[in-house]
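So you know, we letter chains A, B, ... as the sequences are listed, proteins then strands, and number each from 1.
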Amino acid sequence: MTETRTMDRPDRRNILDEAAQGVIGTPMDRPEGKLKVSGTATYAHEYNLPGTAFGVLVRATVPSGRLAHVNETSVADIEGILGVYSDERFLRNPAQGGANEAPVQGTDIDYFGQAVALVVAETFEAARDGATRIQLRLDADDDGVFDPASSPPEAQPDEAVDQGDLSAAMADAAHSIDVTYTTPGHNSAAMEPHCSVAEWQDGNLILRGSYQMLKYNRNEIADAIGIDPAKVRILSPYVGGGFGSKLGIAPEAVAAAIAAKALNRPVCVALTRQQVFENVMRRSESKQRVRLAADKDGKLSGLGHEAWVSNLPEESFAEPVLQATHFLYGGDSRKLDLYLHRVNRICAGSVRAPGEAIGMQILENAMDELAHEAGIDPVELRIRNIPDMHPEKDIPYTSRKMEEALRTGAEAFGWDKRPAKPATRREGEWLVGMGMATAARINMLQASEARVTLKADGTAIVETDMTDIGTGTYSILTQIAAEMLGLPSERVTTILGDTDLPPAAGSGGSWGAASSGSSVFVACEEIRERIAERLDCKPDELTLKDGQAICGNRSTPLADLLDSDICVEGRIESGKLSQKVQSATYGAHFAEVAVNAVTGETRVRRMLGVFGCGRILNEKTARSQCIGGMTWGMGIALHEDLMFDLRDGHLTNRDLAEYHVPVNLDVPQQDVIFIDERDGESSPIQAKGIGELGICGAAAAITNAIFNATGVRVRDYPATLDKIIAEMA
Amino acid sequence: MRPFEYQRCDTVTDARQAGAGGSRFIAGGTNLLDLMKLQIETPQDLADINRIGLDTIDETDEGGLRIGALVRNSDCAADARILRDYPVLARAILAGASGQLRNRATTGGNLCQRTRCSYFYDTAMPCNKREPGTGCGARGGQNRNMAVLGTSEHCIATYPGDMAVAMYALDATVEIQAADGGTRLLPVRQFHRLPGDTPERDNELDEGELITAVLLPKPVGGKHGYRKARDRASYAFALVSLASVVEVSDGKIARADLAFGSLGTRPWHDPRLEQLLVGEEPSKALFEKAADTLLAEAKGFGGNDFKIPLARRMLIATLADATGLNAAGEPA
């Protein structure tokens with residue numbers, strides 16, 4: 001049976017706090033950690049199914065046109081070649097997160113690097129040789145658009161806000177800021193490149209791959225190749241990083257399925273690193289204009305945020321740059337607009353914290369500019385502008401730890417030692433400064449299901465098609481079940497990543513832990529009731545601890561109470577509450593940087609992130625995610641930049657030598673502080689999302705620190721040395 | 001990757017014969033394997049020279065050092081004599097690549113790494129260096145890290161290495177064995193070629209020739225420095241690098257051996273700088289004149305224009321630091 005909980009009203013019972021096992025929230029090691037560090041966790045590419053053939057995708061070398069002919073004989077002399085495939089069912093680009101259907105398909109070419117064919121061979125090396133040498137006839141069109149700004153912007157009405165009179169507010173303001181910034185494209189570059197191993201058995205497709213949201217991925221691949229979703233099984237027990245890049249089914253999966261069917265043997269298609277850059281979702285570049293109007297005390301009377309982003313023709317995704325701007329700060333007069341340019345460039349889609357990662361970055365740079373202009377401390381300016389009610393919807397907020405995070409962070413970081421005047425602290429050749437930014441990210445609860453079985457021997461199994469993309473899902477679901485059922489965590493086994501199991505929310509949008517965790521919680525609550533019934537006590541009088549059921553002065557081993565397994569499926573759904581309140585996570589970033597006075601090179605000396613994300617389910621995996629986000633924020637501030645050739649739209653930095661992310665030597669001391677919080681309006685386990693908050697605003701803290709160090713305001717990201725020395729004496 | 005024949009050489013003689021037979025040499029493979037995987041280079045025969053010896057650093061009769069061609073970069077940078085007498089070389093090596101790459105990369109192989117750019121690395125792009133006659137994709141394209149000195153209409157790629165830049169400053173000599181067994185000595189400052197109209201040739205090695213050692217002259221003293229400006233703290237090519245050996249004697253500059261990386265199409269040594277600086281009293285005006293001289297013919301292509309002011313800032317700061325001037329350009 002399925003127990004369903006709809007989030008129509010708050011759950012402030014804080015049952016996980018009252019439970020006695022004491023495992024929830026602890027920094028428990030990952031149950032699968034030893035497998036991962038010893039190389040025995042099986043990732044997609046490592047299945048080595050008997051008879052596996054290897055495929056390598058072939059790229060289009062024109063940016064617009066169509067595939068007219070594949071000359072298969074051009075690779076016929078390569079030993080071990082098994083076949084060359086191209087098909088109207090090939091995907092032009094990956095599906096967007098939650099698409100639940102195939103994206104654009106076919107052999108029309110819309111961007112340079114699009115995968116148009118697959119060469120399959122006995123070995124990966126032969127397949128790659130074939131993919132490099134195969135002759136394709138490509139009919140090129142000359143109507144490609146390679147500079148986003150050269151196509152007309154399409155307004156996104158759902159994002160538009162026009163409230164009050166911003167122009168008047170700007171004119172009347174004691175202090176005002178009107179600034180335009182640009183951010184470049186980013187790639188997730190997950191450590192595990194995308195890989196799919198397709199195998200057909202009796203007309204059913206088994207797909208072993210690296211995906212984030214299996215219940216959608218199953219429908220997407222079924223739609224793409226034209227079979228019943230019931231005939232698809234997807235296995236993704238281990239995923240080596242996702243960050244949004246594995247939300248939707250991608251070209252390699254469909255190509256592998258088609259080739260495996262034709263060859264009647266398993267086909268493994270992994271992307272090379274260059275293909276990860278060229279075929280996987282990019283974060284759109286953006287141009288953003290922010291206007292801020294404030295009174296003499298820095299209180300906002302008006303706020304404008306306009307953004308221009310891009311995507312391929314026919315893709316509806318437009319980077320939701322304004323997502324946090326809608327609710328974060330007050331200001332009665334508001335003008336928000338989002339525009340989408342069409343461009344022949346790699347598909348744009350969700351990359352960690354779509355919207356806030358670059359939207360908060362620029363909003364928080366603009367707030368820093370306002371603080372400087374008004375002569376108000378940047379932390380104080382933020383605090384003065386925390387609104388009582390949602391400034392556009394006039395609804396209340398759920399638990400919001402923004403002010404606590406700002407004050408706690410300022411204290412812990414030593415913010416009072418920041419030079420108020422820029423470019424006044426010098427240590428030898430280095431100019432030193434501090435910066436800060438608010439962190440914010442929307443929070444969502446998504447439908448999710450899990451099955452929990454309390455076995456007669458007093459162990460438990462949690463099963464769901466939820467994924468662990470390195471985030472810690474195995475840990476937190478184990479901890480929730482162990483806490484609720486009163487079991488040591490070693491007696492709980494969590495099984496993930498199999499579409500034969502109850503469908504989960506998947507890993508995306510930071511909703512995985514709260515959504516999937518709540519489904520486990522709901523199932524466990526029902527199991528507790530059944531145990532209580534057997535003990536003839538009320539559920540709230542029941543204590544479960546170390547495999548004992550305790551009611552009053554009676555203590556009974558669980559195994560003695562169970563003559564058979566208790567199996568319950570739990571389901572959580574978002575409900576009416578989500579329309580009545582604004583749920584989000586908040587925090588504060590602080591950074592200290594040193595900028596070389598000769599070369600303009602920036603080195604980050606230390607970072608602190610303070611976050612309020614509801615209940616922390618596992619202190620270690622939560623911290624790791626925040627540190628990862630902060631590190632990526634450093635990359636966005638200083639390094640990351642998809643560099644396109646504007647003559648044909650091809651990407652010129654397609655590997656990790658040329659697309660720079662921070663390396664060990666770049667990453668300084670990073671500290672994370674969690675604000676104790678329970679948000680019963682956001683989920684029955686009082687938890688919220690955490691995976692994306694760490695990146696939101698982090699880049700702005702660093703570039704605001706560069707301004708404090710040097711007096712140079714770089715408004716064209718990343719803040720590389722050339723842009724700094726251009727403004728420096 | 002194309003199938004290839006692989007032969008392991010045990011002696012220098014084996015290697016010479018393999019080279020005479022048309023084999024490509026492979027040592028650390030840190031560049032060649034990359035290029036083979038991407039089929040930018042497709043050698044049919046590889047001769048593995050990792051076991052032929054040439055892996056020691058020995059003192060020469062002239063009082064310098066002979067660094068065997070197969071001495072690993074990590075070992076070279078950690079050698080006590082290098083650290084004591086040629087610190088510019090140790091610093092340059094440690095500023096390059098990553099620990100893993102330095103453990104594999106060899107002295108001779110490092111000198112032979114390809115001069116390259118992202119258009120060279122993408123076989124769908126025109127590139128006169130990879131495929132002569134196809135044109136230069138980098139001109140008019142993304143050229144942030146291209147050269148501003150020594151370019152030709154056919155190629156603007158920069159030599160990206162660090163080790164060689166220090167060897168240029170030290171005026172080292174490359175010992176080369178020809179396929180017929182003869183040995184020749186070539187000043188390292190003449191080892192790499194300007195692209196001209198043959199950008200496919202990065203250096204002066206003839207087919208079958210093998211670097212056997214790099215010879216360092218006897219220690220010269222002075223203040224050694226290697227300054228590398230780059231986009232991140234490690235595992236990034238220089239945007240501009242500067243190897244310097246500078247000595248002041250009796251208030252005058254007695255030595256100013258300077259070489260630049262990632263500025264030109266080859267490691268860049270401009271003899272006019274020594275002529276201008278040596279014998280003069282250090283001053284900001286003098287250093288600015290040196291920068292004017294260095295960069296007089298520099299030409300940017302848009303994305304790399306910043307290298308010109310960057311090199312200028314680095315040269316002036318390095319000379320000021322080495323000669324004891326303060327930030328204002330006055331004697332400290």
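When each of Gly303(B), Pro309(B), Gly137(B) is checked for heavy-atom pairs under 4.5 Å with chain A, Gly137(B) comes out on top. If you tally non-hydrogen atom pairs under 4.5 Å between each of Arg133(A), Glu125(A), Lys723(A) and chain B, the highest count goes to Arg133(A). Contact tally against chain B (heavy-atom pairs below 4.5 Å) for Asn596(A), Leu665(A), Asp666(A): the top residue is Asp666(A). Among Thr123(A), Thr652(A), Asp129(A), the residue making the largest number of heavy-atom pairs under 4.5 Å with chain B is Asp129(A). The greatest number of non-hydrogen atom pairs below 4.5 Å with chain A, out of Leu38(B), Val240(B), Leu310(B), Asp305(B), is found for Leu310(B). Listed options Leu646(A), Thr61(A), Thr132(A) were ranked by heavy-atom pairs under 4.5 angstrom with chain B; first place goes to Thr132(A). Contact count versus chain B (heavy atoms, under 4.5 Å) is highest, among Val598(A), Ile78(A), Thr272(A), Val661(A), for Val598(A). Chosen from Asn145(B), Thr123(B), Asp231(B), Thr42(B), the residue pairing most often with chain A at heavy-atom distances under 4.5 Å is Asp231(B). If you tally non-hydrogen atom pairs under 4.5 Å between each of Met314(B), Met1(B), Gln142(B) and chain A, the highest count goes to Gln142(B). Note: Ala657(A) leads Gly600(A), Ala657(A), Ala597(A) in heavy-atom pairs under 4.5 Å with chain B.
Of the atoms belonging to Leu239(B), it is side-chain heavy atoms, and not backbone ones, that fall under 4.5 Å from chain A. For Arg227(B), the part sitting under 4.5 Å from any heavy atom of chain A is the side chain, from C-beta outward, and nothing else. For a residue to count as touching a neighbouring chain, one of its non-hydrogen atoms must lie under 4.5 Å from one of that chain's; by this rule Leu656(A) touches chain B with the backbone only. Asn664(A) does not touch chain B: none of its heavy atoms, backbone or side chain, sits under 4.5 Å away. Neither the backbone nor the side chain of Met634(A) comes within contact range of chain B, judged by heavy atoms closer than 4.5 Å. Interface remark: His660(A) contributes backbone and side-chain atoms alike to the contact with chain B (heavy atom separation under 4.5 Å). In this structure, chain A has heavy atoms under 4.5 Å from both the backbone and the side chain of Lys37(B). The contact between Ile725(A) and chain B is made by backbone and side chain atoms together, counting heavy-atom distances below 4.5 Å. In this structure, chain B has no heavy atom under 4.5 Å from any part of Ala726(A). Contacts between Glu429(A) and chain B at a heavy-atom distance below 4.5 Å involve the side chain alone, from C-beta outward. With a threshold of 4.5 angstrom between heavy atoms, Asn653(A) does not approach chain B through any atom at all. Arg647(A) touches chain B through its side chain: at least one heavy atom from C-beta onward sits under 4.5 Å away, while N, CA, C and O do not.
For Arg345(A) and Glu285(A), the salt-bridge test passes: some basic side-chain N is under 4.0 Å from an acidic carboxylate O. Between Arg273(A) and Glu278(A) there is no salt bridge, since no side-chain nitrogen of the basic residue lies less than 4.0 Å from a carboxylate oxygen of the acidic one.
Lys228(B) is listed as a side-chain neighbour of Asp162(B), based on a closest heavy-atom distance under 4.5 Å. Side-chain contact between Glu288(B) and Ile316(B) is present, with heavy atoms from C-beta onward closer than 4.5 Å. In this structure, Phe644(A) and Phe146(A) have side chains that are not in contact, with every pair of non-hydrogen atoms separated by 4.5 Å or more.
In this structure, Thr151(B) contributes its side chain and Ile156(B) its backbone to no donor-acceptor pair below 3.5 Å. The closest donor-acceptor contact from the side chain of Thr599(A) to the backbone of Glu601(A) lies under 3.5 Å.
Tested against Asp202(B) for a side-chain hydrogen bond (donor to acceptor under 3.5 Å, both in side chains), the candidates Arg116(B), Arg114(B), Gln113(B) yield a single pass: Arg114(B).
For the atom pair Thr318(B) OG1 and Leu242(B) CG, the distance stands at 4.0 Å (nearest 0.5 Å).
His650(A) and Phe112(A) have tilted rings, their planes meeting at an angle from 30° to 60° on a 0 to 90° scale.
Donor-acceptor pairing under 3.5 Å is recorded for the side chains of Asp48(B) and Tyr6(B). Side-chain atoms of Tyr119(B) and Asp645(A) form a donor-acceptor pair, as typed in the model, at a separation below 3.5 Å. Asp716(A) and Thr182(A) share a donor-acceptor pair across their side chains, judged by distance under 3.5 Å alone.
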